[in-house]
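Computation of the quantities below employed the complete heavy-atom set of this structure, encompassing side-chain atoms and omitting hydrogens, waters and symmetry-equivalent molecules. In what follows, every chain begins at residue 1, and chains take the letters A, B, ... in the order their sequences are listed.
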Number of protein chains: 2
Amino acid sequence: MQTIEQHITTKGIRVTAMRLLIYKFLAERSNAVTLSDIEKAFDKVDRTTLYRTIKTFEDKGIVHQINEGSTGTKYALCKTNCKCELETDLHLHFHCNNCEETICLTDYKIPKVEVPDGFIAENANLVLKGICNKCS
Amino acid sequence: MQTIEQHITTKGIRVTAMRLLIYKFLAERSNAVTLSDIEKAFDKVDRTTLYRTIKTFEDKGIVHQINEGSTGTKYALCKTNCKCELETDLHLHFHCNNCEETICLTDYKIPKVEVPDGFIAENANLVLKGICNKCS
DNA sequence: AATATACGTGCAACAATAGTGCATTGGACT
DNA sequence: AGTCCAATGCACTATTGTTGCACGTATATT
């Protein structure tokens, strides 16, 4: 079991107080969050820092982004050994139209889909919308 | 074969010059467009009108929305008899990381996916990212 | 240890996208 | 024609995404 510090370090970025805070915030919840969710949680932190921290995390494969239709991108932690690869790692997301939460269903992978000749798929984003288990 | 006017009318909204223009603009291209794409195309039109027209179209099932990660929602016309239903109508979208175009692959349906107990999926949004046929 | 360097953070400003309220226009209907 | 309601346009506000710069702190170099 890696510590968060070790995990961040092995991804090739420095450990800072801010990054640990943001990481822990994300780790505490199973739902994807927007930048402003994080901003509200720590009212001392500058928006820009959050923005850049999340961007760094994304570049280094620590978080992934989800677009589910409501305005604003959401983010969630990747699993420890996720490489965000199409065939193996990409899971589906569920957006509840009632509570508006977006949940990572990490155990539900995106099925293999056919694409027309000439198209090369490298990445995928599948969001199901409906009613989640808490709201149904 | 329905005229555009008939199609709009049967969806339960009035035909106006603006709506015809926007409809035709969408019909002319196979790619999904953002609101500002439309805005640039008709520089006489107010953004608010576009925004509300698209919203009306969306509510009435004339267009569908696609979220593909780059900022801004994109829109494309639904097929004539599309009801935007999960099992039958929802097709996949392809976003090219090179030319940044988003293409409706209307003949490629979203495969049936399993969701955990308690979740009820009503809608889905699947965007593949990679290189399109023109750029590969 | 002292210095140089690179990185992280915060501030300020800007740009793009979303959304609302209100006055006016214009078509549909009697 | 006059009434009514939907559609449009204008002005304004809110939210989200983004960049440049200055400063401080951690890291590397000697």
Side-chain angles (χ1 to χ4, degrees), chain A residues 4-6 8-26 32-60 62-76 95 100 102 125, chain B residues 4-26 32-60 62-76 95 100 102:
Chain A
I4 297 175
E5 283 88 342
Q6 285 168 345
I8 291 179
T9 306
T10 56
K11 292 289 183 178
I13 57 171
R14 288 187 190 169
V15 176
T16 68
M18 275 299 330
R19 287 173 181 170
L20 281 174
L21 275 174
I22 296 173
Y23 192 104
K24 281 176 187 162
F25 179 82
L26 291 168
V33 297
T34 63
L35 283 183
S36 41
D37 289 336
I38 310 179
E39 201 186 352
K40 277 165 207 148
F42 309 96
D43 47 28
K44 289 282 173 297
V45 183
D46 193 77
R47 254 163 27 88
T48 314
T49 305
L50 288 178
Y51 169 72
R52 287 197 263 234
T53 302
I54 284 288
K55 203 141 196 176
T56 308
F57 279 5
E58 203 191 342
D59 289 345
K60 302 297 178 180
I62 296 173
V63 303
H64 59 278
Q65 89 165 223
I66 304 130
N67 298 94
E68 33 78 349
S70 66
T71 39
T73 309
K74 292 191 173 183
Y75 299 90
H95 179 253
E100 299 290 323
T102 301
N125 187 4
Chain B
I4 297 175
E5 284 87 343
Q6 285 167 346
H7 183 202
I8 292 179
T9 306
T10 57
K11 293 289 183 177
I13 58 172
R14 287 191 192 167
V15 176
T16 69
M18 275 302 328
R19 286 174 181 168
L20 282 174
L21 276 174
I22 296 174
Y23 192 104
K24 281 176 187 161
F25 178 82
L26 291 167
V33 298
T34 63
L35 282 183
S36 40
D37 290 335
I38 310 179
E39 200 185 353
K40 277 164 207 148
F42 310 95
D43 47 29
K44 290 282 171 301
V45 183
D46 193 78
R47 268 191 27 249
T48 314
T49 306
L50 287 178
Y51 170 71
R52 287 196 264 232
T53 303
I54 284 287
K55 203 140 197 172
T56 308
F57 279 4
E58 204 192 340
D59 290 345
K60 302 296 179 182
I62 296 172
V63 303
H64 59 279
Q65 146 181 157
I66 304 130
N67 300 94
E68 33 77 348
S70 68
T71 40
T73 309
K74 292 191 173 182
Y75 299 90
H95 178 253
E100 300 289 325
T102 301

Using whole Å, report how far [atom1] of [X] lies from [atom2] of [N].
X	N	atom1	atom2	answer
B:Arg14	C:dC29	CZ	C1'	10 Å
A:Ile54	C:dG8	CD1	C1'	15 Å
A:Lys55	C:dT9	NZ	P	16 Å
B:Glu39	C:dA16	CD	P	11 Å
B:Lys44	C:dT25	NZ	P	19 Å
B:Lys40	C:dA15	NZ	P	15 Å
B:Arg47	C:dG21	CZ	C1'	15 Å
B:Leu50	C:dA16	CG	C1'	15 Å

Subject >> Helix axis bend for the helix from C:dA1-D:dT30 to C:dT30-D:dA1 - C1'-based end axes, five pairs, 10° rounding >> reply: 30°
Subject >> Contact interval (first through last nucleotide) of DNA chain D with protein chain A, 4.0 Å heavy-atom >> reply: D:dT16 to D:dT27
Original post:
Would you say a side-chain N or O of B:Tyr51 is under 4.0 Å from OP1 or OP2 of C:dG19?
Top reply: yes
Subject >> DNA chain C contacts made by residues 16-25 of chain A, counting heavy atoms under 4.0 Å >> reply: A:Thr16, A:Met18, A:Arg19
**OP:** Give B:Thr73 one of three labels, base, sugar-phosphate or nothing, depending on what nucleic acid heavy atoms sit under 4.0 Å from its own.
**Re:** sugar-phosphate
